[in-house]
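Heads up: the structure comes next, in structure tokens.
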Amino acid sequence: MGSEMIGALGLGLLLLLLVLRVPVALSMLLIGVGGFAQIIGWSAALSMVRSVPVEVLTNYSFSAIPMFILMGVLAAHSGMAGKLFEATRTLCGGWKGGLAISAIGSCGIFSAISGSSLATASTMTRVALPEMERYGYNRGLATGALAAGGTLGIMIPPSIALLIYAILTEQSVGDMFMAGLIPGLMGLLFYCLTITVVMKLRPSLAVAGEPTRWSEKLASLTGLVPFFGVFLLIILGIYFGIFTPTEGASIGAFATLLYALFKGMRGAGLWRALQETLALSTVVFFMLVGAETLGYFISVSRISFSISDYLYSLELSPIAVLLCILAMYFILGMFMDSLAMLVITVPVVYPIIQSVGIDPVWFGVVTVLTVELGLITPPVGMNVFVIKAMAPHVGLGEIFRGVTPFIISDFVRLALLILFPALSLYLVTG
Amino acid sequence: DTTLRMSHFWPGGSTTDKEIFQAWAQAVTEQSGGELRVQDFPSQTLSKADDTYDATVRGIADIGVTAQGYTAGRFPLSQIAELPGVIDNASQGACIVQTLYDEGRFGDEYKDSHVLFMFTTGPGYIHTRRTDVQTPADLNGLRIRRPTAVAGDMLESMGARPVGMPAPDIYTSMQRGVLDGLSFPWEGMKVFRLNELTHYHTQVPFYAVVFVAAMNKRAYERLSDSQRAVIDANSGMKWAENAGAVFSRLDAAGKQEAEAAGDTIRVIDHPLDNPDWQGPLKQGIEGYLSGLESRGIDQGRDVYQAALDARNACDAKAS
Amino acid sequence: MQQGLLGLGRWLEVLGRFVAGVALAAMLAVTVADVTLRYLYRLTDGAVTLRITGSVEMVSYLMLFALLASMAANVEKGQVVVEAFSHRLNETLKTRLNGFYLLGFTALGLLVALGLWDSAVSAEGHGEVTQDLRLPMGPIYAVAAGLSLLLGVRSLIFAVLGLVFNYRVASVEEI
Ligand code: NA
Ligand code: NA
């Protein structure tokens, strides 16, 4: 059996394991190791799985994940998040679905300091989900909005995904970041519109708040102060070069810690916050370890090579090639982690793109948007899993249903970006 | 026929990937009449850069290419070639390390693998955003990203503050001013787009990075005699020189890019003879070599001398 | 027997949580101290020269300890399960399945522990050190090996508890 066949079979088996209720992380691990062994041999496969956890757990860039989770946990425990949503509730007043919209907005702001979708999704879930539930929002809508909002982090700069794409294809990192800005902000706008549309179609999913007076709205702004104080600290610190985005996560967590201390949190409470952070991080990192293992299997199966060879043989027009490649990304994205997918496939696909004359920066943007979709599409959607981990009482199916309108909105955005390359290229200098 | 998996960390489709590794793969396939096929795994898709040598020893990859410096302390003798005063350009560097390896200077550092060939980057220089670095005093307190521990030692003895940082973080950290500068050969400046952000370049050769292309021992022994002959014919100095030539070309292109941008370039060709620079660099070399002695590795000074001799021989051969 | 296993499982959980909590707090402290001292250096134009070296690698290895220990302490609770097609399975079967799947993590923990131990021995032999602080890699790998062993052992304990005693872990999520 060819290695590509084993690759395809492996992805099928992965689905089966998930259906059999095997934990997601273990499913990816098993298929990753088993598939790797089929192609290369057991001794190499066991050797691979031995080193993957250390590789993932010592990856400095990932250290932002537990720190952003800690920030969220402390913000939640110290009452900061409660105040924020009290304020946004007042600000939105009688608006239907206002909290979901402000959650999306917060995700957007958060994305501007975070390169990682998972960090964005996990922190905002800690902060926003309990509040939306408290105000009786439909859980599918609430978690769907958060899962989708989390994906904004992959496009709004800084973005680890765009950075990796730029380095893989030897494009300018600055250009890639600028190219991602408008599409990212479009995502923010489109998600807010999506909520408005959903509210029109299914008014029962969220309650309208009580109308509020302008004086109340103004007074409520004080509730935003600590939250935006931490945000500003991180943003200014990064933009003035006092710390890196990765360090910014720790600084944000520390500032929130000071706030919590100020609000009277002490030893036992702090220890509980640390333990909660660790428990939540564990869920994410188990899956990252699984995804990395699976990634090595996909890599040696060369399944992406055969797909692109096939595309090449069809002699299609550039736009058809682009659509085929995006379709492949969409399908792979159902199963795989976004960054692993980029790293494995871009080197293969990029030469095709160059040979048919597609702009590499524009291609990068639409590719990253498609890859980002993979974070929220079933059956393997990392953002959805993260939220599931934070909200055990909400069903996975419920979250995936809730995220569907946002997937549709992403398709609209993708179509616009394909039809109007200027949306991506306008801000790119030269 | 036999398939060999080759793992390295350079981006797929990059010049390094195409002109060194894919070219090597093609040569091996053609000369074996299709009996040997090589699958290229670029961009750390088969093993991470700092795990690649081990992954090769353990058989995850059949062939692994990586920097010895990514596992600090494991290849102490090989890294002597990284010290200042040894390598002037990448072609010469490849010739030097391959010569030292062929002479058996690296002790038993590679006893658990079958080495195919070795090569190096061109010399690494200092690149800064705002500071015109003309003497080591100008470096005082600047935060400079260091590539390997050996280069970090040199930076430290020149008065800079070396910072260890993953390569993908460099660009944004430079942009935001978390880093004041970095050390790279010209080639890396172009590949990582860092010429965009740096405007001062101090072309003082103070380190290089050594690379090894190693093969899994069992994978090598499994080959038929004729297959092994093809691998042997594509090992050693010939491919060291090819790789060196590729890096030299990339260095030239990287420098050209900075020149075209009108950047300030200070050239200090022989820092060990330069009154401003020789102090800290000699101190760094001494620190490294005496560090080896304190670990019980006594032949360090001999290897450094052998490297200087090899350098003269390589220069003579080239001219 | 069941009580003994449960007690041991809980005790090892406390151990893992302790290591993880301390390592996570240390991660935070290292970065905050590094950033603060760096900023002071800039503010005082170089007068305050106190600094932290190697913060990136300290954070990396502390994260390894924190998360390995935390994975060991939370393995039976920290799993996401796709329940799309298994709503109607009865509780006993689900509990036994959970126990069975924990054997997978037992294998993972033991394999990784073995690998790390090999790495520790080999790093010790080759004199491998970290890039910035020149800390010996051997002891770092050895501690990590111990934490992976903890992951393997705790997974095994709860696998047996689930499979044999039908002991249900409270927070494995229902959908
Ligand atoms: Na972002
Ligand atoms: Na998906």
Side-chain angles (χ1 to χ4, degrees), chain A residues 18-27 29-30 46-47 49-54 56-60 62-63 66-67 70 237 242-243 246-247 249-251 253-254 257 270-271 274-275 277-283 285-287 289 378-380 385 388-389 392-398 400, chain C residues 17 20-22 24-25 27-32 34-35 38-39 42 55-57 59-71 73-75 77-86 89 94 97-98 101-102 104-105 108 111-112 114-116 118-119 141 144 148 171-175:
Chain A
L18 292 176
V19 168
L20 287 176
R21 228 179 152 274
V22 181
V24 174
L26 186 62
S27 307
L29 266 167
L30 289 175
L46 292 178
S47 192
V49 76
R50 266 162 45 156
S51 57
V52 163
V54 180
V56 172
L57 302 183
T58 54
N59 184 337
Y60 179 71
F62 284 150
S63 71
M67 288 305 156
L70 177 61
I242 297 165
F243 40 75
T246 311
E247 291 170 333
S250 296
I251 300 300
F254 184 67
L257 174 70
L270 290 175
W271 187 251
L274 280 183
Q275 292 305 330
T277 303
L278 283 162
L280 296 171
S281 308
T282 301
V283 180
F285 277 88
F286 262 120
M287 288 191 290
V289 168
V380 178
F385 291 163
K388 166 68 190 158
H393 56 286
V394 187
L396 259 188
E398 214 173 344
F400 277 126
Chain C
R17 284 176 164 229
V22 170
L24 186 69
M27 269 171 79
L28 182 64
V30 166
T31 305
V32 170
D34 185 28
V35 169
R38 214 159 68 204
Y39 189 58
R42 200 200 274 192
S55 65
V56 167
E57 74 182 33
V59 166
S60 299
Y61 294 115
L62 285 170
M63 180 164 76
L64 175 66
F65 297 154
L67 288 169
L68 269 181
S70 169
M71 283 167 134
N74 295 299
V75 60
K77 303 176 283 271
Q79 299 306 329
V80 174
V81 168
V82 179
E83 298 237 33
F85 304 95
S86 55
L89 288 185
K94 276 190 189 176
L97 273 181
N98 286 342
Y101 295 145
L102 274 171
F105 292 105
L108 177 71
L111 254 177
V112 174
L114 219 64
L116 279 164
D118 280 355
S119 301
Y141 284 140
S148 306
S171 36
V172 168
E173 312 88 7
E174 253 81 63
I175 303 173

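Every value quoted in this text rests on a predicted model; they were computed, and no experiment measured them. Per chain, numbering begins at 1; letters A, B, ... match sequence-line order.
- Among A:Val52, A:Asn59, A:Val54, the one residue that satisfies the side-chain contact (heavy atoms from CB on, under 4.5 Å) test with A:Val56 is A:Val52.
- Contact count versus chain C (heavy atoms, under 4.5 Å) is highest, among A:Phe254, A:Phe286, A:Phe400, for A:Phe286.
- Heavy atoms of A:Leu270 lying under 4.5 Å from chain C are absent altogether.
- In terms of non-hydrogen atom pairs under 4.5 Å with chain C, the most contact-rich of A:Thr58, A:Val283, A:Leu29 is A:Thr58.
- Contacts of C:Leu102 with chain A are absent, with no heavy-atom separation under 4.5 Å from either backbone or side chain.
- For A:Ser63 against C:Met63, the heavy-atom pair with the smallest separation is CA-SD, 3.4 Å.
- Contact of C:Val30 with chain A is not made at all, since no heavy-atom distance falls under 4.5 Å.
- Taking the side chain as every heavy atom from C-beta outward, A:Arg21 and C:Asn98 approach each other to under 4.5 Å.
- No side-chain heavy atom of A:Leu274 sits under 4.5 Å from any side-chain heavy atom of C:Arg17.
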| said: Would A:Thr282 and C:Lys77 count as a side chain to side chain contact (heavy atoms under 4.5 Å, CB included) here? Give the steps. | reply: CA-CA 10 Å; A:Thr282 301; C:Lys77 303 176 283 271; over 6 Å; no
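- The two residues A:Tyr60 and C:Ser60 make their nearest non-hydrogen contact at CB-OG, 3.7 Å.
- Proximity to chain A (any heavy atom under 4.5 Å) is shown, for C:Ala20, by both the backbone and the side chain.
- Heavy atoms closer than 4.5 Å to chain C are found in the side chain of A:Gln275, but not in its backbone.
- Side-chain atoms of A:Phe243 and A:Ser250, non-hydrogen and from C-beta on, never get closer than 4.5 Å to each other.
- Heavy-atom pairs under 4.5 Å with chain C peak, among A:Leu278, A:Leu257, A:Leu30, A:Leu280, at A:Leu278.
- C:Tyr101 touches chain A through backbone and side chain together, each having a heavy atom under 4.5 Å away.
- Heavy-atom distances place the side chain of C:Leu116, and not its backbone, under 4.5 Å from chain A.
- Residues A:Leu396 and A:Phe385 form a side-chain contact, since some pair of their non-hydrogen atoms from C-beta on lies under 4.5 Å apart.
- Only the side chain of A:Thr277 comes within less than 4.5 Å of a heavy atom of chain C; its backbone N, CA, C and O stay farther away.
- Side-chain contact between C:Met71 and A:Leu57: present, with at least one pair of heavy atoms (C-beta onward) separated by less than 4.5 Å.
- Interface remark: A:Val289 contributes side-chain atoms only to the contact with chain C (heavy atom separation under 4.5 Å).
- Ranked by heavy-atom pairs under 4.5 Å with chain A, the list C:Asp34, C:Leu67, C:Val59, C:Asp118 is led by C:Leu67.
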